[in-house]
Amino acid sequence: PPCKPAVFIPVDRSPEIQEARLKLPILAEEQVIMEAISENPIVIICGETGSGKTTQVPQFLYEAGYASPNGAIGITEPRRVAAVSMSQRVAKEMNLSHRVVSYQIRYEGNVTDETQIKFMTDGVLLKEIQKDFLLSKYRVVIIDEAHERSMYTDILIGLLSRIVPLRQKKGLPLKLIIMSATLRVEDFTGNKRLFSATPPVIQVDARQFPVTVHFNKKTPLDDYSGECFRKVCKIHRMLPPGGILVFLTGQAEVHSLCRRLRKAFPFQKTKTAGEEDDKGEPVEETRTFKKSRKRRKVLTLPKIDLDNYSVVPVDEGDEDRDADTDDDDIAGSDLDLDLGDGDSEEDEKSDSSLPLYVLPLYSLLAPEKQAKVFRSPPPGTRLCVVATNVAETSLTIPGIKYVVDCGKVKKRFYDRITGVSSFRVTWISQASANQRAGRAGRTEPGHCYRLYSSAVFMDFEKFSAPEITKRPVEDLILQMKALNIEKVINFPFPTPPPTEALAAAEELLIALGALKEPPTTGRLKQQLAAKLSCPISSLGRIMATFPVAPRYAKMLALSRQHNCLPYTITMVAAMTVRELFEEFDSPAVSEEETARRKGKRARLLQMQRLWAGQGPMQKLGDLMVMLGAVGACEYAGCARKFCDDNGLRYKAMLEIRRLRGQLTTAVNSVCADAGLYVDPKMKPPTEAQATYLRQIVLAGLGDHIARKVQAEELLDDKWKNAYKTALLDDPVFIHPSSVLFKELPEFVVYQEIVETTKLYMKGVSAVEPEWIPALLPPYCHFGKPLENPPPSYCPETGRIHCHRPSVFYRVGWELPAVEVDYPEGIDRYKYFARFLLEGKVIEELSSYSQCLLSSPLIMLKTWSKLQPRTESLLQALVAENCDNRDALLAAWKKNPKYLLSAYCQWIPEAMHQELAKTWPPVAL
DNA sequence: TAGGGTTTT
């Protein structure tokens, strides 16, 4: 077959690298792997972290001649940092330039036309499929970390399952390699719709040190945080050196455990002037520490050899000895150092002879504070990192020997019908527990203390549900429709999203105008079938090119008007990036610290009020605050100090800056004459622009409207200050952090609803009721055209307009009558005929309107049929579907004599000849 | 008057 390379490409590796490579178990499997790849279009490689598959498999392929500048090896990663660091590592190992081994992530990359090995985030490859469905510049695509089942990974696997045979047919075969850290591959191998021929699965060993797992005998009912504290205390007091990593579920828990541990195992702290200590970390100054070391003679950590199984633990007897996991790489607890389900209270006593270097770690923590966990702790101290789930996959902390796992995780849940999200703490999966345990065996044999019993563990789900089954999918569906995959329901998802989620996505996209509406006539069965197979509209195609959620993409698509684009781009970027503002609410260690935070918080609140603007601007609400914050920050050059001083999250501001750049480029490439650029000195919007922006926001967030409960509807106190939405029966409230919290506008739109103690709307903006029917007709049920104000002819559009009252869908809110297109039907022809006769449609006919034989108004009378001239004019218009100016001009183009005889019936015979000469009465 | 894990185009 043409894909089988005949060459061997030499690689010039340094001796040190060559030596390190040889230690990797995967090197022994090179031949097996390469044979499988040579003989099969699709291969699955399973190997845990530490097997070296990510760095080595691309090198095997390169050496075997799979790569060339016009047929690269592509590797996808679920995270940006991984794509960048892997490309750097592989380049170094192969002694090749980054021009050859490159990366591409959302905002940046170093790909050249020499690139032969390309690491990228999974989203980047998905975008590339949009431009080149066959991925013709790749000869191999590797999907890494497929076990994580991220949304993009799943969708890529589905797409590639179709691309591989297409490439085969074209005689340009493409190899697909799926790499997974677990053996959970049945969704790929057992899914005949995905891969009709089951791909071979190759298992590779990992170079991991053994991790002994200790289960608690008892599972704490709710105080897992306290149990963590006791376990860390025991480890620190009794076990030999080695870092401790604790898994908790949220920031607040992390900080509170950090405080407790620091109190229990303090070490001399001296605060240098100006030193920032807002999270209360001990100052890591070696000098200070050495001093205390001299003062206290015994400052050595215990030196019990944990891996010498003859040592008997001091407090044994409480452990769950039947502990066993079904993972062979993690040893079950047998006869070794278990610590018991500690519940003694003596641990609370402060003991400064055993300093513990305690650090918090979570995703939103400032990067420089995160970085502390990668540096070695002050000499003589033991490192203890208290982390959320970031430490499970995203960040690897060196030197960890002990893992304390509470067994819980905080996850976001979405209500499939209402879209309301909430955060819940749940048990983790067995796979997740094993992944956490594995973090103890990176540098030497380790121990994992699970704060739950083995029976509880056995009740865990084997794996967590793939992301695609848990989230709203409108963005995904739009991307797929842009790839002309219309029947999304037939797509070979490894695991399909629930049908309700697909239907909700399709419905939203139709309402946004991104998909063509399904027919509402015909057989019910066909209607239902058409419902989940709507093709993309031209607006949808434009929206799909904007790398943001469809609601926001719609806002961008509308913003050409009134010079709103720079503002919409900024607003959309700000809404896309989460957590713009710093949090100052977590309790601090010292009183000065508490006071300092109080000051910062007050300053931020003051700035937010300033950014919210004056007068009518304020109605843009939280989105105006975002706009103001980004504007001010950019004006200050996006300086770190400005962010720190004003309570802005620096990392968020940098991301917004890059996203603004990307969106500006995207908009420019859709409308070349827009000539947009990112202006660091962007002025605030004018009052008029702020109003347009509110309308643009409404057009994107049409399904996120809420209406204040009217005084007369207030039956129950629980509805005080509450809002009602179309889909929720319960009251919703403006979140107290919103600048509109006290304003309570009658109608608002919101970015999202999060359920905590109540249902709270966040990212709120006020809208005027009359905008709703004008901008969101899909959500409104319109009544009959009003007689007053009367229907009129619109010279701009050439169409008949009228005023129609409407009610909002599902909730029936009465909306003000607004001017809209006259509804389709015979009456629209009658009005068109009338305005045509009056000379309003075609100016050249206005000279004849003085001499008409009947009043044009008779067109509208119910007895109009009594007059032959009304009848023939109407019939002629209906015959050519002429109820607007454009249709009339088109009809004349087709037939220049069109309408002449019908019109002649309305004017004296004497004028007929003259009229016929100048007919049609317009230049075509 | 609140309280939020983690990713990505």
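Labels below follow one simple rule: chain letters A, B, ... track the order of the sequence lines, proteins then strands, and each chain is numbered from 1.
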Report which part of the nucleic acid A/Glu579 touches: base, sugar-phosphate, or nothing (heavy-atom distance under 4.0 Å, all strands).
-> base
Scan A/Arg80 against the nucleic acid and name what it touches under 4.0 Å (heavy atoms): base, sugar-phosphate only, or nothing.
-> sugar-phosphate
Among B/dG5, B/dT8, B/dA2, the one nearest A/Lys410 by side-chain distance | B/dG5
Taking atom CG of A/Leu125 and atom CG of A/Leu156, what is their separation to the nearest 0.5 Å?
-> 5.0 Å
Where the side chain of A/Val124 is concerned, which of B/dA2, B/dT6, B/dT9 is the nearest nucleotide?
-> B/dT9
State, without any angle test, whether A/Gln751 and A/Tyr552 hold a side-chain donor-acceptor pair at a distance under 3.5 Å.
-> yes
Write down the distance between CE (A/Met151) and C1' (B/dT6), rounded to a whole number of angstrom.
-> 14 Å
Which part of the nucleic acid does A/Arg79 contact within heavy-atom distance under 4.0 Å: base, sugar-phosphate only, or nothing?
-> sugar-phosphate
Can you find a side-chain donor-acceptor pair between A/Tyr103 and A/Glu77 that sits under 3.5 Å?
-> no
In terms of side-chain heavy atoms of A/Glu467, which of B/dG5, B/dT7, B/dA2 is nearest?
-> B/dT7
Nearest-nucleotide pick for A/Arg578, side chain only, options being B/dT1, B/dT7, B/dT9 | B/dT7
Rounded to whole Å, CZ of A/Phe733 lies from C1' of B/dT1 at a distance of 11 Å
Indicate, with a heavy-atom threshold strictly under 4.0 Å, whether A/Ser150 touches base, sugar-phosphate, or nothing.
-> nothing
Assert: residue with more 5' nearest nucleotide on DNA chain B, out of A/Ala549 and A/Val390, is A/Val390
Would you indicate what A/Tyr760 reaches in the nucleic acid, counting non-hydrogen atoms under 4.0 angstrom: base, sugar-phosphate, or nothing?
-> sugar-phosphate
Starting from C1' on B/dA2, measure out to OH on A/Tyr750 and report it in whole angstrom.
-> 19 Å
Please state whether the phosphate of B/dG5, meaning OP1 or OP2, lies under 4.0 angstrom from any side-chain nitrogen or oxygen of A/Gln251.
-> yes
Contact class for A/Thr393 vs. all strands (heavy atom < 4.0 Å): base, sugar-phosphate, or nothing?
-> nothing
What does A/Val409 touch in the nucleic acid at a heavy-atom separation under 4.0 angstrom: a base, only the sugar-phosphate, or nothing?
-> nothing
Tell me: CG of A/Leu125 to P of B/dT7, nearest whole Å?
-> 21 Å
According to a strict under-4.0 Å criterion, is A/Thr121 in side-chain N/O contact with OP1 or OP2 of B/dT7?
-> no
Send over the distance from A/Asp154 CG to B/dT7 P, rounded to a whole Å.
-> 18 Å
With the side chain defined as heavy atoms from C-beta on, A/Lys127 is closest, among B/dT7, B/dA2, B/dT9, to B/dT9
Take A/Phe546 and A/Leu361, find for each the nucleotide of DNA chain B with the closest heavy atom, and name the residue whose nucleotide sits nearer the 5' end.
-> A/Leu361
Below 4.0 angstrom, N of the basic side chain to O of the carboxylate: do A/Glu579 and A/Lys651 qualify?
-> no
To the nearest Å, give me how far apart CZ (A/Arg601) and C1' (B/dA2) are.
-> 9 Å
Name the nucleic acid region contacted by A/Arg424, choosing base, sugar-phosphate or nothing; use a 4.0 angstrom heavy-atom cut-off, strictly under.
-> nothing
Per atom distances to the A/Phe423 side chain, the nearest of B/dG5, B/dT7, B/dT9 is B/dG5
Near-ring test A/Phe733/A/Phe741, centroid separation under 6.0 angstrom | no
Test: A/Glu582 and A/Arg649 ion pair at under 4.0 Å = no
Let me know the distance between NZ of A/Lys758 and P of B/dA2, rounded to the nearest Å.
-> 6 Å
So A/Glu128 and A/Lys118, salt bridge (Lys or Arg N to Asp or Glu O under 4.0 Å) or not? Walk me through it.
-> CA-CA 13 Å; A/Glu128 286 188 14; A/Lys118 173 169 165 188; 2.7 Å; yes
Identify whether any heavy atom of A/Ser737 sits under 4.0 Å from a base atom; if not, whether one sits that close to sugar-phosphate; answer base, sugar-phosphate or nothing.
-> nothing
Pick base, sugar-phosphate or nothing for A/Arg649, based on heavy-atom distances below 4.0 Å to the nucleic acid.
-> nothing
How many Å lie between CD on A/Glu108 and P on B/dT9, as a whole number?
-> 10 Å
